[in-house]
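Report on one structure; see the data block that follows.
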Amino acid sequence: MIVSKFGGTSVGTYEAMQKSAEIVASNTDRTLILISATSGTTNDLVKLGAFGLDSTSQEETIIRIKERHLSIIENLENASEVESDFKKELTDLRQHMEQVARDKRWKDRLLSFGELMSTKIFIHVLKQNGVEAEWLDAREILKTDSTFGNATPDRKSLSKNLGKAVKDNKVYLTQGFIGSDIFGNTTTLGRGGSDFSAALFAEALNADLLEIWTDVAGIYSTDPRVVKEARPIKEITFDEAAELSVFGGKVLHPATLKPAIRGKVKVRVASTIEPEKPGTLIVHESSGKPVVRALSLRKNQTLLTVRSLDMLHQYGFLAELFKVLADNKISVDLVTTSEVSVSLTLDTAVNAANKVELTNEVLSELSTFCEVEIETDFCLIALIGNDLTKTAGISGSLFNKLKDYNIRMVCHGASENNICFLANETDGEAIVKLLHKKFIER
Ligand code: ADP
Ligand code: ASP
Ligand code: MG
């Protein structure tokens with residue numbers, strides 16, 4: 001059994017949907033298909049849900065969403081029927097937009113329109129390609145807690161619900177990214193969360209293979225948009241791929257690989273544009289284990305430094321600090337400590353899967369027991385590979401290359417699969433190009 005996920009660009013136009021549908025039709029083992037919103041739509045919906053958008057920009061955004069979808073629908077054999085359903089959906093969207101201003105719980109409902117619209121159209125493209133799929137509402141199957149914008153899925157009920165909904169020898173189409181809480185409110189799994197949904201569904205179904213179809217031919221040695229010499233990786237271990245996704249390789253949502261590892265599901269990342277290319281296979285044991293396999297770059301990182309004058313020889317300070325962060329569901333990436341201060345990095349990128357918002361409440365809670373300093377505009381760069389804690393000279397050759405740059409934080413030793421550091425955001429791409437040349441293009 002194969003679970004296949006198609007990302008935003010793979011369903012962004014009629015031509016893209018057609019290519020994706022041909023891929024689905026080419027192998028009858030593809031049982032469950034999850035798709036994202038058409039590319040650009042979730043960003044537009046985020047805009048619509050933000051406060052203070054004037055009515056002209058609001059209208060322009062809605063028109064953009066409408067035209068993007070109508071330009072796909074007009075190619076369908078039953079265009080007029082699908083168009084009238086779509087227009088009803090759009091009216092519904094407008095109503096929800098008004099509600100977001102009153103209650104932020106409605107925000108996730110607003111975001112869910114992207115995936116709901118794309119699946120309601122794609123089902124017809126599948127049909128035109130001979131695939132009679134059944135449409136499933138992911139919100140009835142994927143139950144989550146009520147953390148809107150970054151909900152935690154409930155695995156137990158997922159298996160049960162899927163078991164009831166999915167029968168042998170049929171094909172199902174559903175939405176990535178969305179679920180609902182026990183009260184029936186729509187929730188979302190964080191930006192880019194369709195990969196995570198697909199992995200959870202694959203685990204729950206005991207699938208043999210999870211396919212992530214995207215706009216690049218697999219996982220590359222680094223983001224091919226940043227380094228044109230980047231090349232696709234044929235085979236990568238789960239450990240390396242997990243580090244890469246956590247440290248910013250946007251190609252996979254950071255939580256994707258855990259369910260796949262638990263469920264012993266193989267994962268393949270491939271391109272809908274060039275489906276004939278092998279893509280990347282993520283495996284438990286890889287034949288080659290290079291010291292540096294890939295590089296990742298994550299921008300918009302914030303550095304939070306807290307100092308306590310009482311910290312000298314005090315115990316419990318770190319526990320208190322991390323309790324405030326945990327209570328506010330703030331996830332921390334790098335940490336360095338000295339006797340009287342602690343520095344932490346937070347992912348504050350707009351589209352981050354685990355976007356951190358340092359609210360005034362968090363800051364005032366922290367300031368009851370420490371001094372707080374916030375600095376922005378950093379980037380996090382990671383070297384991903386194998387045996388990095390055991391390879392003599394690796395940090396020497398890395399930092400020798402970086403001698404012209406200001407490096408603010410370094411984390412080496414916690415994982416044998418990565419070394420990472422914080423640099424000025426404006427230097428990020430130049431550093432990645434330099435390191436790619438040194439460690440990968442050799
Ligand atoms: P989708 O909509 O299919 O989920 P995403 O835009 O979320 O696609 O992810 C694919 C993008 O991830 C690529 O277009 C590429 O720019 C970016 N990316 C970042 N790092 C890597 C990497 N190491 N390998 C491949 N793609 C990467
Ligand atoms: N559509 C959602 C997003 O853009 C989820 C996804 O694409 O994976 O974040
Ligand atoms: Mg994605």
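All ligand and atom numbering here is 1-based and tracks the order in the structure. Counting from 1, the numbers follow the sequence of the chain as shown.
Look at Gly176 and you'll find every heavy atom at least 4.0 Å from all atoms of ligand 2. Taking 4.0 Å as the cut-off, Gly192 counts as a neighbour of ligand 2 on heavy-atom distance.
Residue contacts with ligand 2 for Ser194 involve both N, CA, C or O and side-chain atoms from C-beta outward (heavy atoms, distance under 4.0 Å).
A salt bridge between Glu203 and Arg262 is present, with a side-chain N of the basic residue lying under 4.0 Å from a carboxylate O of the acidic one. Looking at Glu98 and Arg94, no side-chain N of the basic residue comes within less than 4.0 Å of a carboxylate O on the acidic one, giving no salt bridge. Taking a cutoff of 4.0 Å between a charged side-chain nitrogen and a carboxylate oxygen, Lys5 and Glu211 do not qualify as a salt bridge. Here Arg109 pairs with Asp92 in a salt bridge; the nearest charged N to carboxylate O distance falls below 4.0 Å.
Ring geometry, His253 versus Phe196: the interplanar angle falls under 30°, so the pair is classed parallel (tilted spans 30 to 60°).
For ligand 2, the atoms lying closer than 4.0 Å to a non-hydrogen atom of Ser36 are 6 (C), 7 (O), 8 (O). For ligand 2, the atoms lying closer than 4.0 Å to a non-hydrogen atom of Glu115 are 1 (N), 2 (C), 5 (C).
In this structure, of Lys5, Arg191, Gln175, the residue bringing a heavy atom nearest to atom 9 (O) of ligand 2 is Arg191.
Closer than 4.0 angstrom to ligand 1 lie heavy atoms from Lys5, Gly7, Gly8, Thr214, Asp215, Val216, Gly218, Ile219, Tyr220, Thr222, Asp223, Pro224, Arg225, Gly249, Lys250, Val251.
The backbone N or O of Lys289 sits nowhere less than 3.5 Å from a side-chain atom of Ser286 that would complete a donor-acceptor pair.
Listed by chain and residue number, Ser180 satisfy the side chain to side chain donor-acceptor pair (under 3.5 Å) test with Lys143 (two or more places apart in sequence, or in another chain).
With rounding to the nearest 0.5 angstrom, the CG atom of Leu304 is 7.0 Å from the CG atom of Leu325.
In this structure, Ser194 and Glu115 approach most closely via the heavy-atom pair OG-OE2, 3.9 Å.
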